[in-house]
Novice: 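Please find one structure pasted underneath; my questions will follow.
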Amino acid sequence: MPEAALHPPLQTPSGTVLAFDFGEKRIGVAIGETLLGQAHPLTTLHAPSNQERFGAIQALLDEWRPVLLVVGLPVSLDGEAHAMTARCTRFANQLRGRFNLPVAYADERLTSLDAEERLRETGHSAKTAKAHLDAVAAQLILQSYFDAH
């Protein structure tokens with residue numbers, strides 16, 4: 001996948017950015033400020049239905065008032081799209097349509113493995129790391145977006 005597809009030319013407005021590590025069971029969420037360029041894990045959403053999922057996202061948007069949303073785009077190691085790529089693109093389109101906010105993509109290759117390693121390094125066991133894994137993966141996605149811009 002070309003780099004331009006991952007980071008489309010988008011004038012990033014100043015303010016808060018929320019990033020999402022989309023999964024079918026959980027969605028990791030991270031937060032950052034464009035002026036600081038630093039991402040932080042925020043939460044993991046465990047909402048089984050679309051209604052609950054988008055309700056939880058609406059609550060985060062109401063609280064944090066982001067100017068931009070970033071969605072991690074999973075591709076294979078060689079950059080090819082696969083089934084989860086399409087699901088994440090659909091999720092990004094739903095965010096854009098429901099909340100009328102700009103949405104950008106960031107490459108999420110290997111972010112879950114990197115997140116697991118970081119959590120292990122901070123003393124988490126496999127069991128305790130699981131609760132934080134998706135939010136830390138979202139943090140890595142957002143940080144990669146900031147670093148590219």
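None of the values given here were measured: they were computed from a predicted structure.
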Novice: Could you label the plane-to-plane angle of the F99 and F54 rings as parallel, tilted or perpendicular, counting under 30° as parallel and over 60° as perpendicular?
Specialist: tilted
Novice: Tell me yes or no: between the side chains of N93 and R96, is some donor less than 3.5 Å from an acceptor?
Specialist: yes
Novice: Tell me, do I57 and F91 make a side-chain contact under 4.5 Å, heavy atoms counted?
Specialist: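 A side-chain contact exists here, since the closest heavy-atom pair is under 4.5 Å.
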Novice: How long is the span from the CG atom in L45 to the OG1 atom in T43, to the nearest 0.5 Å?
Specialist: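 Reported value, rounded in 0.5 Å steps: 5.5 Å.
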Novice: Return the set of residues passing side chain to side chain contact (heavy atoms under 4.5 Å, CB included) with N100 (not counting sequence neighbours), or none when no residue passes.
Specialist: none
Novice: Kindly compute the distance separating OG1 (T44) from CZ (R26), expressed to the nearest 0.5 Å.
Specialist: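 Nearest 0.5 Å value for the OG1-CZ distance: 7.5 Å.
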Novice: Say you draw a straight line from CD1 of I31 to CG of L142; how long is it, rounded to the nearest 0.5 Å?
Specialist: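 That separation rounds to 9.0 Å.
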Novice: Do H46 and K25 come close enough that some side-chain heavy atom pair is under 4.5 Å?
Specialist: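 No, their side chains stay 4.5 Å or more apart.
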Novice: Any side-chain heavy atom of F146 sitting closer than 4.5 Å to one from V70?
Specialist: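 No, too far: nothing below the 4.5 Å cut-off.
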Novice: Under the 3.5 angstrom rule, does the side chain of T16 hit a backbone N or O of E33 as a donor-acceptor pair?
Specialist: no
Novice: Check whether any side-chain heavy atom of T89 lies under 4.5 Å from a side-chain heavy atom of Y105, and answer yes or no.
Specialist: yes
Novice: For the CG atom of L68 and the OG atom of S14, what is their distance to the nearest 0.5 Å?
Specialist: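 Rounded to the nearest 0.5 Å, the CG-OG separation comes out at 11.0 Å.
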Novice: Return the minimal non-hydrogen interatomic distance between I141 and V71, and the atom names on each side.
Specialist: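 Answer, listing the atom of I141 first, then V71: CG2-C, 4.4 Å.
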Novice: Locate the shortest heavy-atom distance separating E24 from R87; write the atom from each residue and the value.
Specialist: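 In this case the closest contact between E24 and R87 is OE2-NE, 2.9 Å.
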Novice: So, do L42 and L18 sit near enough that their side-chain heavy atoms are less than 4.5 Å apart?
Specialist: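 Yes - at least one pair of side-chain heavy atoms lies under 4.5 Å apart.
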Novice: Which atom names give the shortest non-hydrogen contact between A135 and A30, and what distance separates them?
Specialist: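 So the minimum-distance heavy-atom pair works out to O-CB, 4.2 Å.
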Novice: Within this structure, what is the SG-CG distance for the pair C88 and D21, rounded to the nearest 0.5 Å?
Specialist: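 These two atoms lie 7.5 Å from each other.
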Novice: Side-chain contact, heavy-atom cut-off 4.5 Å: V29 with L60?
Specialist: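 Side-chain contact under 4.5 Å: yes.
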Novice: In Å and rounded to the nearest 0.5 Å, what is the CZ to CZ distance from R53 to F20?
Specialist: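 Nearest 0.5 Å value for the CZ-CZ distance: 11.5 Å.
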Novice: Short question: side chain of Q139, backbone of A19 - any donor-acceptor pair under 3.5 Å?
Specialist: no
Novice: Quick check on R98: does its CZ atom have over 12 non-hydrogen neighbours (other residues, nucleotides or ligands) under 6.0 Å away?
Specialist: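 Enclosed.
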Novice: With the side chain counted from C-beta on, respond yes when L101 and V67 share a heavy-atom pair under 4.5 Å apart, and no when they do not.
Specialist: no
Novice: Using the side chain to side chain donor-acceptor pair (under 3.5 Å) rule, collect all pairs that involve residues 60-75, keeping only residues at least two apart or in two chains.
Specialist: Q58-D62
